[in-house]
Structure formats: structure tokens, C-alpha cells
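Note that the coordinates shown come from a computational prediction; the quantities given were computed from them, not determined experimentally. All residue numbers in this chain count up from 1 along the given sequence.
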Amino acid sequence: MGLVLAGMCGTLWAGHTRRSGVAESLGTLLPALAGLYLAWEGFRADRVEARQDQGLAEVADQLAVTVREQWDEEARIRRLNDPYPLSVCWAPADPQLTEDWRRLRALGLDWSGGTSGELEGWAAEPSDLAGAGTEIADVLLRRTPTRRLVVLGGAGSGKTMLLVRLLLAVADQRAPGGAVPVLLPLASWNPSAQNLHAWLAERLAQDYVGLRAPAPAYVGSMNRARALLEHRLILPILDGLDELPPTARAVALDEISRALPPGQSVVVSSRVAEYQQAQSPAGGVPVKLAGAAGIELLPLTAGETAAYLTRDAGGEHTSSAARWERVLVRLGSDAPVARALRTPLMVFLARTVYNPRPGETATHLPDPAELCDEDRLPTQSAVERHLLDAFIPAAYRGRPGNACRWSAQRAEHALAFLARHLQHTLDGTPDLAWWQLHKAIHRRVHQSLLATVAASAVGLSTLDEGPGTGVGFALTAGVLGWHTGGKPRWLPAVAFRWSWAGFTLGLLWAVGFGVILALSVRAAPEFWLLTGLLLGPVTGACLGHGVVTLAGREARSPDLACTGGPATLARRDRRVFWRVTLEFAFGYGLVLAVVLPDLCNGAAVEAFRISVLVLIPVFGMCGAFAYASWGHYMLARCYLTLRHRLPRNLLAFLADAHQRGVLRQAGAVYQFRHIDLQHHLAQR
């Protein structure tokens with residue numbers, strides 16, 4: 001295929017240097033284009049055949065490896081096992097919130113066909129669900145007859161931490177070809193507008209880009225994400241029902257119950273009060289998650305909290321651990337600090353703020369005894385707010401071998417802006433996606449920025465050719481910029497594929513554009529201004545659609561080994577952005593190179609130079625804005641950086657915040673470590 005491209009370019013160049021006619025040049029081009037098409041179709045057929053040889057079970061096995069590696073790394077970053085896993089205990093949930101146990105056993109027998117060999121492992125009554133730590137996988141897979149579980153707990157009680165441990169344990173015990181546990185945040189779902197399977201398929205394709213590729217041929221015409229769901233090879237672990245709007249929670253529970261077929265496992269987590277409200281909405285019909293058992297997380301005991309903080313400080317009889325003495329003697333009492341340190345979230349914040357890390361000394365750290373000052377911190381809420389306030393400065397404090405490019409003040413300023421962006425602009429979603437940054441700017445401002453940049457670049461470059469030329473080209477670029485600025489992609493582009501039909505259509509638009517330019521140049525000077533003002537914007541708007549068809553219309557990636565993390569998606573989308581820009585410039589510039597010199601007189605040579613060197617690349621970049629997300633992200637990022645809202649290298653800043661434990665990564669997006677941290681920062 002490379003030889004065909006080289007031959008095509010050589011043919012065009014030779015025709016141009018000999019000043020041959022348009023028809024002759026295009027005639028010599030057709031065999032090369034045919035060869036290019038046949039070579040590309042052969043290459044594509046090989047790729048499709050290779051993808052179809054892979055069975056769905058193998059796809060699931062590859063996804064399981066990816067999920068396991070992803071959450072192993074996330075557990076390391078969240079320090080779930082440092083210095084040791086903080087054990088979370090649970091008891092059976094309120095029977096009014098779950099199915100009757102006898103009905104659960106009957107459902108389990110019905111779903112298994114009455115021949116289940118696991119009957120002896122089922123819990124005889126709800127009290128048998130009680131446990132702690134790594135027992136959570138046994139509760140779901142063996143003790144619960146239906147393998148449907150609701151995990152309830154208060155704010156910061158460790159629900160997400162427990163779900164991560166559940167996912168890792170289930171992934172370890174999974175048989176080849178079995179269902180893959182996938183942890184998904186419910187806050188990104190609108191159950192009133194999107195059914196469960198559609199949302200799950202969309203989220204899987206976003207977080208694991210390889211699942212956008214076509215499924216094996218025997219499955220049918222669908223992508224891998226949809227195929228895995230249809231064949232029950234995904235075990236959904238749905239975190240945060242309480243993070244949905246109050247009016248959507250009952251709808252979500254009902255949709256989950258209706259959408260999942262009998263025998264399909266599922267796990268849902270929520271805060272207790274919000275789950276009660278979802279089951280009995282005001283003025284609505286009571287709703288329960290069909291076939292689900294329930295557990296409720298218990299507060300940490302005074303002994304567990306004391307042992308954990310002491311061990312994290314270096315162990316008993318160390319000077320760092322001795323700093324906790326005034327706090328430890330109050331644990332188990334009704335003091336504000338004791339009530340606050342009953343949840344894993346607050347214990348994590350306390351250890352981060354007050355305990356030294358390797359290479360640090362406690363000399364310059366705040367004293368944990370300040371938590372006992374009831375004049376400053378008279379209530380449990382006051383202690384919790386204090387720990388949330390102190391967390392960001394603690395996460396960004398300088399330590400040996402861990403230099404930070406951003407001061408704690410700058411980091412907190414940027415994180416607070418992002419939290420407000422999520423809370424107010426994006427309706428409270430926890431998903432911090434770089435490709436949605438443009439929404440932090442008003443849509444009209446974003447369109448105006450793109451139109452201004454495009455018009456200025458073209459207008460200033462063509463101003464020497466006369467005011468009419470500059471204004472005409474600038475208006476053309478401005479209209480195209482405004483048009484593409486209002487239609488950003490909903491997901492990044494991860495790959496690029498040529499379309500023969502699209503290429504042909506784009507080529508025809510290019511020829512038409514070249515003819516219009518040639519006729520405009522040959523016209524009398526007084527008509528050039530009119531032509532530029534009237535035909536320029538119309539042609540530019542049409543070319544905006546031609547760019548997309550020329551570039552192709554499909555984004556895919558068959559690589560399941562990639563988790564589709566934010567940085568990976570950004571690199572792929574940026575590659576597509578520049579490729580669309582360059583190939584548009586090459587395709588249209590090539591046609592102009594053939595058409596204009598033959599149609600125009602000698603005075604048109606300068607206009608030809610302007611068109612190829614200035615106008616076409618700008619049009620190409622505007623077209624790339626319509627196909628990839630990178631351009632919109634860069635424009636918004638530069639604007640917000642100039643206004644001192646965000647750091648210049650935002651992706652590096654987010655990756656650093658993730659490594660520091662301020663953010664967590666959920667597939668292709670970042671989230672604040674806890675929703676309470678997001679809400680707290682959004683109030684600043």
C-alpha cells in the first residue's frame with residue numbers, strides 16, 4: 001500500500017511539473033487510486049477475519065485480566081493494603097429492605113433449575129451473611145442463593161473499598177469463560193432516559209476501548225460490550241445508588257430489576273437512608289431490587305481505629321505513635337473526634353494529615369491532639385470538615401523523592417474549580433472526563449473562540465493579498481469554526497479508518513472548491529470581494545462535512561489489553577486529530593495543486609500558494625474538531641489556563657493527583673477519592 005501511495009504522489013507531481021491538463025492528471029491518478037483501494041480493502045479484510053476468529057469467551061478472559069490489573073493498581077494507589085487492609089465488618093440489612101429469605105431460597109432453586117450442587121453452602125438465614133473483610137466474595141458467590149446483593153452503609157463507611165475487594169476476590173475465583181466483575185459508578189446513569197443495558201454497554205465501551213470493536217461473527221451485528229452483556233459474561237457491581245438524584249433512585253431500582261434476567265448476578269451499593277427513600281418514594285409505589293439479599297456495614301470499633309492509626313504511625317512505642325495518645329484515650333466515648341473516626345474515610349484522612357510518610361519526620365506536621373480541641377471542633381461534622389480541609393495540603397506536602405510541580409494552594413484552587421464543574425455544570429456527576437472540559441465554558445464562548453482563532457489565522461495570513469481576499473477567507477474559516485465548535489464528540493476517537501465512499505465524496509467537494517477558487521481569481525477584481533464574501537462561507541460549511549466523510553466515520557480499537565485510561569485515550573484522540581488535519585490538507589491541497597494551475601492565469605499563482613499553505617490546513621483543523629475531542633479540550637484548557645483556573649498541563653496534573661490519592665481512576669475517567677470530598681471542594 002505504501003508503494004501505491006508513493007506511485008500516486010509521483011504521478012501527480014510529474015503531471016504538475018509538465019503542466020498537463022486536469023483531465024490527463026486525474027486520468028493518471030485513477031489507476032493508483034484503484035490500487036490503493038484494493039490494497040486497503042485487503043488489509044481491512046485480514047483485520048476483520050482476525051478479529052472474528054476470537055471467541056467471546058476469550059474476549060471475556062482478556063477483559064478479566066485487564067480488570068484485575070486495573071484494580072490491583074488502583075488498590076495500590078488508594079493504599080488499601082498499606083499498612084494492612086482496614087477490616088470492614090457487616091451485619092444483615094434490615095429485613096424490610098430486602099427480599100424475604102424463604103423467597104430468596106426459592107428463587108435460587110428456581111434459577112438453578114432445582115439441581116444446584118451449592119445448596120449446602122447457602123445461608124440458612126440472614127444472620128449467616130454477617131462477616132468481615134475478604135468474606136465478602138463468599139457472601140455473594142456461595143451464601144446468597146440468587147447471587148444478588150445490596151451493600152448498605154453510611155457516608156465514608158467503606159462501601160467502595162469493600163466493592164474493590166469484592167471485585168478482586170471474584171476475579172481471582174473466576175473460572176475461564178465465566179462472568180467478569182466490573183465496577184461501575186451509578187452516578188453517570190440517567191435511568192429515565194436510558195435503559196440499563198444501553199448504559200452498561202456505553203460505559204464498558206468507554207472504559208475498555210477494546211470492547212468497541214465488533215463481536216465475533218457468530219454473535220451477530222453488535223460490539224463486544226453488548227455481546228458480553230447479552231451472554232451474561234459481565235457481573236455488574238454498581239456503586240453509589242445514593243449519588244443519583246432522589247427522583248431517579250426508585251426508577252433505577254425498578255429498571256435494574258426488570259432489565260436483569262433470572263440468574264443474572266448483580267451488586268448495588270448505597271447509603272442506608274437514600275436506599276430507604278428509593279424503596280418508598282414519596283407518593284410513589286414501593287420498589288425493591290428483585291431477588292436481592294442485603295448487608296449493612298458497621299462502624300469501626302475503637303480498638304480497630306487505634307490499632308490502625310498506631311501501626312501506620314510506625315507501631316507502638318514510637319514517637320510518631322505517641323502523638324496519638326490524646327486521641328486514642330477518647331476513642332469509644334461520645335467525644336466529637338471519637339464519633340468522626342468511626343468510618344474508614346475519616347481514618348484515612350487522619351492518617352494522611354498527621355502521620356509522617358517514609359523520609360519525613362513528624363517535626364513539621366500538625367499535631368493530632370488538635371482534633372480533641374472541642375472549642376474549635378465542637379461537633380462530629382466540624383471534625384470531619386477539618387480533616388477534609390487539611391487533606392489537600394497534606395497530599396501535596398513536599399517529601400524527599402516526591403517533588404511536586406504544583407503547590408498545595410494551586411492544586412487546591414484547581415481541584416475546587418473541577419469540583420464545581422462536576423457539581424454545577426455536569427449536574428453532580430463524579431466522572432471527571434477530559435473530553436468534557438469544554439462544558440466548563442459557555443457553549444457560545446467556546447464556539448466564538450474557535451471561530452475567532454480560525455478566522456484570525458486565515459485573515460491575517462491573507463491580508464497582504466487585499467482586504468477582499470482576507471475578509472472572504474476569514475469569514476469562510478470563521479463560519480466553519482463556529483459550526484464545528486458547536487458539535488463536539490461525545491466520546492474521544494480512539495482509531496481511524498478510511499471510507500472509500502467518503503473519500504470519493506470528499507474528493508468531489510475538493511474539486512468543486514478548487515474550481516470555485518479558480519473562477520474567483522480569474523474574475524474581475526471587483527467581483528473577488530463578492531465571491532469571497534458569498535461563496536466562501538457556503539463552501540467552507542460544505543467542506544466541514546466533507547472533512548468527516550473524507551477522514552472516515554468509524555472509531556475503533558481491537559486492543560483489549562488497554563484499559564482506556566484518560567492518558568491513553570488522550571494520546572489516541574490527539575493522534576486522530578492531527579491525522580485528520582494532515583490528510584485533509586494533503587487530499588484537498590493535492591487537488592488544488594492539480595486544478596488551480598491549469599484553470600488560473602499567472603496572477604493566480606499567489607492565490608494558489610495562500611490556499612494550499614494557509615487555508616487548507618485551517619479547514620483541515622476545523623474538520624478535525626468535528627471528528628476528535630482533542631481540539632475542543634485544548635481550546636478549553638488554554639482558555640481556562642489564561643484565566644488562572646487550571647494548570648497548563650492538566651492531564652499531568654490529574655495523573656499526579658491520582659498518584660497522590662486525591663483522585664481515583666474509574667476506567668476512562670477520574671473521580672474524587674470520595675463523593676464527600678467533591679461536595680466539600682465544590683462549596684469553595
Open item on the list: Quick one: does any side-chain atom of Asn81 pair with a main-chain N or O of Tyr84 as donor and acceptor, under 3.5 Å?
Closed with: no
Task: Ionic contact status for Asp312 with Arg79, cut-off 4.0 Å - done: yes
Open item on the list: Before you tell me yes or no, could you show the steps for Tyr275 and Arg271 under side chain to side chain donor-acceptor pair (under 3.5 Å), namely the whole-Å CA-CA distance, both residues' side-chain angles and the distance that decides it to 0.1 Å?
Closed with: CA-CA 6 Å; Tyr275 193 78; Arg271 298 185 185 184; over 6 Å; no
TODO: Could you tell me which non-hydrogen atom of Leu387 sits nearest to which non-hydrogen atom of Ala350, and how far apart they are?
DONE: CD2-CA, 4.1 Å
Task: Ring-face cation contact, Phe348 with Arg673, 6.0 Å cut, 45° max - done: yes
Task: Separation of Leu432 CG from Arg664 CZ (nearest 0.5 Å) - done: 12.0 Å
Task: Heavy-atom check, side chain of Leu663 versus side chain of Gln671, under 4.5 Å - done: no
Task: Main-chain N/O of Ala369 paired to Arg323 side chain as donor or acceptor, under 3.5 Å - done: no
Open item on the list: Closer than 4.0 angstrom, basic N to acidic O: yes or no for Asp676 and Arg385?
Closed with: no
- [ ] State, with a plain yes or no, whether a side-chain heavy atom of Glu370 is found less than 4.5 Å away from one of Tyr354.
- [x] yes
Task: From CG (Leu422) to CD1 (Ile675), nearest 0.5 Å - done: 8.0 Å
Task: His658 and Tyr670 aromatic centres sub-6.0 Å - done: yes
Open item on the list: In the structure I gave you, are the side-chain heavy atoms of Leu211 and Leu63 within less than 4.5 Å of one another anywhere?
Closed with: yes
Task: Residue pair Trp434, Ser629: steps toward the side chain to side chain contact (heavy atoms under 4.5 Å, CB included) verdict - done: CA-CA 9 Å; Trp434 61 264; Ser629 302; 4.0 Å; yes
Task: Full working for side chain to side chain contact (heavy atoms under 4.5 Å, CB included) between Val268 and Leu163 - done: CA-CA 9 Å; Val268 177; Leu163 294 185; over 6 Å; no
- [ ] Would you tell me whether Gln194 and Glu202 have side-chain atoms, one donor and one acceptor, within less than 3.5 Å of each other?
- [x] yes
Open item on the list: I'd like to know if the side chain of Lys159 reaches the main chain of Leu297, judged simply by a donor and an acceptor atom lying under 3.5 Å from each other, with no hydrogens or angles considered.
Closed with: no
TODO: State, with a plain yes or no, whether a side-chain heavy atom of Pro191 is found less than 4.5 Å away from one of Trp199.
DONE: no
Open item on the list: Checking the side chain of Ser333 only, and the main-chain atoms of Arg330 only, is there a donor and an acceptor separated by less than 3.5 Å?
Closed with: yes
Open item on the list: To the nearest 0.5 Å, what is the distance between CG on Leu152 and CD1 on Ile295?
Closed with: 8.0 Å
TODO: Could you check if a side-chain atom of Leu415 sits within less than 4.5 angstrom of a side-chain atom of Leu681, using non-hydrogen atoms only?
DONE: yes
- [ ] Find out whether Leu365 and Val353 are in side-chain contact, i.e. whether some heavy atom of one side chain is under 4.5 Å from a heavy atom of the other.
- [x] no
Task: Where Pro647 and Trp406 come nearest, the two heavy atoms and their spacing - done: CB-NE1, 3.5 Å
Open item on the list: Tell me whether the NZ or CZ atom of Arg660 lies within the 45° cone about the ring axis of Tyr396 and under 6.0 Å from its centre.
Closed with: yes
- [ ] Run the numbers on Asp389 and His680 for side chain to side chain contact (heavy atoms under 4.5 Å, CB included), then give the verdict.
- [x] CA-CA 8 Å; Asp389 283 335; His680 181 76; 2.6 Å; yes
Task: Ion pair check, Glu360 and Arg397, cut-off under 4.0 Å - done: yes
Task: Under 3.5 Å: donor-acceptor pair, side chain of Glu243, backbone of Gly240 - done: no
- [ ] Just do the side chain to side chain contact (heavy atoms under 4.5 Å, CB included) check on Leu328 and Thr310 with the steps written out, would you?
- [x] CA-CA 9 Å; Leu328 299 186; Thr310 301; 3.7 Å; yes
- [ ] Provide the closest heavy-atom pair for Arg68 versus Leu168 in the form atom of the first, atom of the second, distance.
- [x] NH1-O, 3.0 Å
Task: N/O donor-acceptor pair under 3.5 Å between Glu74 side chain and Gln665 backbone - done: yes
Task: Polar contact flag, side-chain donor to acceptor under 3.5 angstrom, Asn355-Trp324 - done: yes
- [ ] Kindly say whether Leu341 contributes a backbone atom to a donor-acceptor pair with the side chain of Thr305 at under 3.5 angstrom?
- [x] yes
- [ ] Count the heavy atoms of every other residue, nucleotide or ligand shown that sit under 6.0 Å from CD of Gln409, and state whether that count exceeds 12.
- [x] no
- [ ] Decide yes or no for Leu646 and Leu418: does some side-chain heavy atom of the first lie under 4.5 Å from some side-chain heavy atom of the second?
- [x] yes
Open item on the list: For Arg203, is there an ion pair with Asp431 - N to carboxylate O distance below 4.0 angstrom?
Closed with: yes
Open item on the list: Taking Arg76 first and then Asp72, would you say they form a salt bridge - that is, a charged N and a carboxylate O separated by under 4.0 Å?
Closed with: no
TODO: Look at the side chain of His438 and the backbone N and O of Trp435, then say whether any donor-acceptor pair between them is shorter than 3.5 Å.
DONE: yes
TODO: Would you check if Arg249 and Ser270 make a side-chain contact, meaning some heavy-atom pair closer than 4.5 Å?
DONE: no
Open item on the list: Can you tell me how far apart CG (Leu298) and CD (Glu304) are? Round to the nearest 0.5 Å.
Closed with: 9.5 Å
TODO: Decide whether Glu384 and Gln380 meet the rule of one side-chain donor and one side-chain acceptor closer than 3.5 Å.
DONE: yes
TODO: Heavy atoms only: give me the nearest Val327-Pro368 pair and the separation to one decimal.
DONE: CG2-O, 3.4 Å
Task: Nearest-0.5 Å distance, CG of residue Leu184 to CD of residue Gln206 - done: 10.0 Å
Task: Exercise: identify the closest heavy-atom pair between Ala252 and Trp189 - done: CB-CZ3, 3.7 Å
Task: Closest non-hydrogen atom pair between Leu80 and Val164, with its separation - done: CD1-CG1, 3.9 Å
Open item on the list: Check this for me: does any side-chain nitrogen of one of Arg339 and Asp334 sit under 4.0 Å from a carboxylate oxygen of the other?
Closed with: yes
Task: Parallel, tilted or perpendicular: ring planes of Tyr633 versus Trp630, cut at 30 and 60 degrees - done: tilted
Open item on the list: Using a 6.0 Å cut-off, check whether atom NE2 of His424 has over 12 heavy atoms from anything other than its own residue.
Closed with: yes
- [ ] Taking atom CZ of Arg376 as the centre, report whether more than 12 heavy atoms of other residues, nucleotides or ligands fall under 6.0 Å from it.
- [x] yes
TODO: Any chance you could measure Leu183, atom CG, to Leu166, atom CG, to the nearest 0.5 Å?
DONE: 9.0 Å
